[in-house]
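To start, the structure itself, in structure tokens.
These numbers come from a predicted model, not from an experiment.
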Amino acid sequence: MAVNYVLVQDKRKEAKTSGLWYARTKMTGTVDLNSLATKIQRNCTAKKSDVMAVLTELIETMQDELQASHAVKLKGIGTFKIAMTSKPAEKASDFTVAKNVKKLRVTFSPEVHLSPNRTRTIAFLEGCSLKEAPVYKVDKKEEAEGDSGTTTGGNDGEGGNG
């Protein structure tokens, strides 16, 4: 399977990259826990109810472990941990959670595999291919003839410029 992308044009007037085109991933849907359990059931001997029970317990257990200041490493997936953003205090004695901690978040670091030639690849991206999303294709012929060639889709995907 291939990951869909759309082409978007940088329309910021003052940007050095104004007018240039970039690719953004385009997600075509969302898969929830129930859908995952159904697919897993088809690929193994466990029933959907058993899979749901295990996945639900995984979520609750991960929450407990993360809140106990443990990183949670799932082999083949990656590592989750809690991180925070805080404002500085002049002195350590001035620091309080209520005044200085701005927010908590969960960070995720995907598992990385190292190839024999020392190239690092994110496990989930091994064998990944790309294709332009058919609904959002840019007419490259018109654009080459001087048309602005903007996409009809928005920038709701992931990824950086360039």
Side-chain angles (χ1 to χ4, degrees), residues 1-10 21-138 151-162:
M1 287 191 205
V3 174
N4 291 312
Y5 70 90
V6 295
L7 295 176
V8 294
Q9 189 174 30
D10 185 345
W21 290 85
Y22 296 94
R24 297 280 189 266
T25 56
K26 176 67 178 166
M27 298 297 106
T28 58
T30 301
V31 179
D32 63 10
L33 206 57
N34 189 48
S35 297
L36 288 174
T38 300
K39 287 185 176 194
I40 292 169
Q41 173 185 257
R42 282 189 259 146
N43 296 321
C44 69
T45 59
K47 292 186 176 198
K48 180 179 173 182
S49 59
D50 298 325
V51 175
M52 283 296 293
V54 170
L55 292 176
T56 300
E57 187 57 32
L58 173 65
I59 293 166
E60 291 176 15
T61 303
M62 284 181 65
Q63 182 178 3
D64 291 345
E65 294 299 327
L66 289 168
Q67 291 183 19
S69 292
H70 297 148
V72 176
K73 183 176 183 176
L74 302 176
K75 186 170 174 53
I77 296 176
T79 304
F80 298 83
K81 66 181 181 177
I82 292 181
M84 72 168 57
T85 304
S86 65
K87 295 187 282 186
E90 288 288 325
K91 300 181 285 188
S93 59
D94 292 340
F95 187 93
T96 66
V97 170
K99 187 171 62 174
N100 297 91
V101 174
K102 290 168 50 176
K103 70 178 181 177
L104 294 175
R105 64 188 182 282
V106 175
T107 62
F108 171 69
S109 299
E111 182 171 306
V112 175
H113 296 158
L114 195 58
S115 71
N117 67 353
R118 313 286 294 161
T119 303
R120 298 169 60 89
T121 304
I122 294 172
F124 280 132
L125 298 180
E126 287 180 356
C128 184
S129 63
L130 298 169
K131 70 175 182 179
E132 188 170 358
V135 175
Y136 290 90
K137 280 193 176 176
V138 172
T151 60
T152 57
N155 179 11
D156 65 347
E158 304 289 340
N161 289 347

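With a 4.5 Å cut-off on side-chain heavy atoms, Gln67 and Ile82 count as touching. Side-chain atoms of Lys81 and Val72, non-hydrogen and from C-beta on, never get closer than 4.5 Å to each other.
Taking CE from Met84 and OG1 from Thr107, the interatomic distance works out to 12.0 Å, rounded to the nearest 0.5 Å. One distance of note links CG of Asn100 with OG1 of Thr85; it measures 12.5 Å at 0.5 Å rounding. Interatomic distance, Lys39 NZ to Leu36 CG, rounded to the nearest 0.5 Å: 7.5 Å. Atom CZ of Arg118 sits about 4.5 Å away from atom CG of Leu114, to the nearest 0.5 Å. Rounded to the nearest 0.5 angstrom, Glu65 CD and Leu58 CG are separated by 11.0 Å.
The environment of CD in Glu90 is sparse: at most 12 heavy-atom neighbours from other residues, nucleotides or ligands sit within 6.0 Å. Atom NZ of Lys99 has more than 12 neighbouring heavy atoms from other residues, nucleotides or ligands inside a 6.0 Å radius.
Between the side chain of Lys26 and the backbone N or O of Val3, no donor-acceptor pair lies under 3.5 Å. No donor-acceptor pair closer than 3.5 Å links the side chain of Thr119 to the backbone N or O of Ser115.
Under the rule for a side-chain hydrogen bond (donor to acceptor under 3.5 Å, both in side chains), the partners of Lys48 that lie at least two apart in sequence or sit in another chain are Asn34, Thr38.
Nearest heavy atom pair, residue Phe80 against residue Leu66, reads O-CD2, 3.5 Å.
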### Task
Determine, step by step, whether Ile77 and Phe108 satisfy the side-chain contact (heavy atoms from CB on, under 4.5 Å) criterion, reporting the C-alpha distance in whole Å, the side-chain angles of both residues, the deciding distance to 0.1 Å, and the verdict.
CA-CA 10 Å; Ile77 296 176; Phe108 171 69; 3.9 Å; yes

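Between the side chains of Asp32 and Ser35, at least one donor-acceptor pair of N or O atoms lies under 3.5 Å.
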